[in-house]
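Heavy-atom basis, side chains included; hydrogens, waters and symmetry copies ignored.
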Amino acid sequence: MGQSFNHQVYDIVRRIPAGCVATYGQVAALAGKPRNARMVGYALHANPEPGVIPCHRVVFRDGSLAPGFAFGGPDRQRALLESEGVVFTGARAQGNAGAEGLRVDLSRCQWRA
DNA sequence: AATGTGACTGGTA
DNA sequence: GTACCAGCCACAT
């Protein structure tokens, strides 16, 4: 049942509390596949229940956001997270989303199961 | 069945 | 500090 992983991802992301974020690798690990961080992103892209699954609370390991596939823009994602009380830092990240220039302060807002 | 791609990550330049 | 590259695993064509 390969769908289990997918379903697990949704279930895990769904229980991330507001004001906190989780990394793709973290969700993947909780789902039982620590190497499938990429698959997590893929699963969230499928997002069967938008509005129910807070995929905006899932970020890169460095705290940076997706380059441009999210909800209508990483700016939208950042606004949403800030609205929930997530703290951002004004530093740039790796070549992934440096254009956006902001990273979540994982030290303070990363979710713990 | 094989090749290419990717909402990732860690390591290196 | 940032930028780029290679490795990884599952899905799409």
- Rounded distance (Å) that lies between atom P of dT9(B) and atom CG of D62(A): 8 Å

- Taken to the nearest whole Å, OH/Y24(A) to P/dG7(C) is 24 Å

- Which is true for Y42(A) with a 4.0 Å heavy-atom rule: it touches a base, it touches only sugar-phosphate, or it touches nothing? sugar-phosphate

- Once you round it to whole Å, what is the distance between C1' of dT9(B) and CG of L65(A)? 16 Å

- Task: Enter the distance from Y24(A):OH to N36(A):CG here, rounded to the nearest 0.5 Å.
- Result: 14.5 Å

- Message: Heavy atoms from C-beta onward define the side chain here; which of dT9(B), dA7(B), dC9(C) lies closest to that of A37(A)?
- Response: dT9(B)

- Message: The side chain of M39(A) is closest to which nucleotide in this list: dT9(B), dC9(C), dA10(C)?
- Response: dA10(C)

- Using a 4.5 Å cut-off on heavy atoms from C-beta on, say whether the side chain of L81(A) contacts that of F88(A). yes

- Task: Heavy atoms only: give me the nearest Q77(A)-H56(A) pair and the separation to one decimal.
- Result: NE2-O, 3.0 Å

- Result for 5'-nearest mapping on DNA chain C, choosing between R38(A) and K33(A), is R38(A)

- Note on the structure: Atom CG of L80(A) and atom C1' of dA7(B) are separated, to the nearest Å, by 16 Å

- Query: In whole Å, what is the span from the CZ atom of F60(A) to the C1' atom of dG6(B)?
  - Reply: 10 Å

- Nearest-Å distance for atom pair NE2/P, residues H45(A) and dC8(B): 11 Å

- Task: Round to the nearest Å and state the distance from Y10(A) atom OH to dA7(B) atom C1'.
- Result: 12 Å

- Item | Atom pair CD1 (I16(A)) and CD (E84(A)), whose distance is rounded to the nearest 0.5 Å | 10.0 Å

- Task: For N36(A) and dC8(C), give me the distance from atom CG to atom P, rounded to whole Å.
- Result: 13 Å

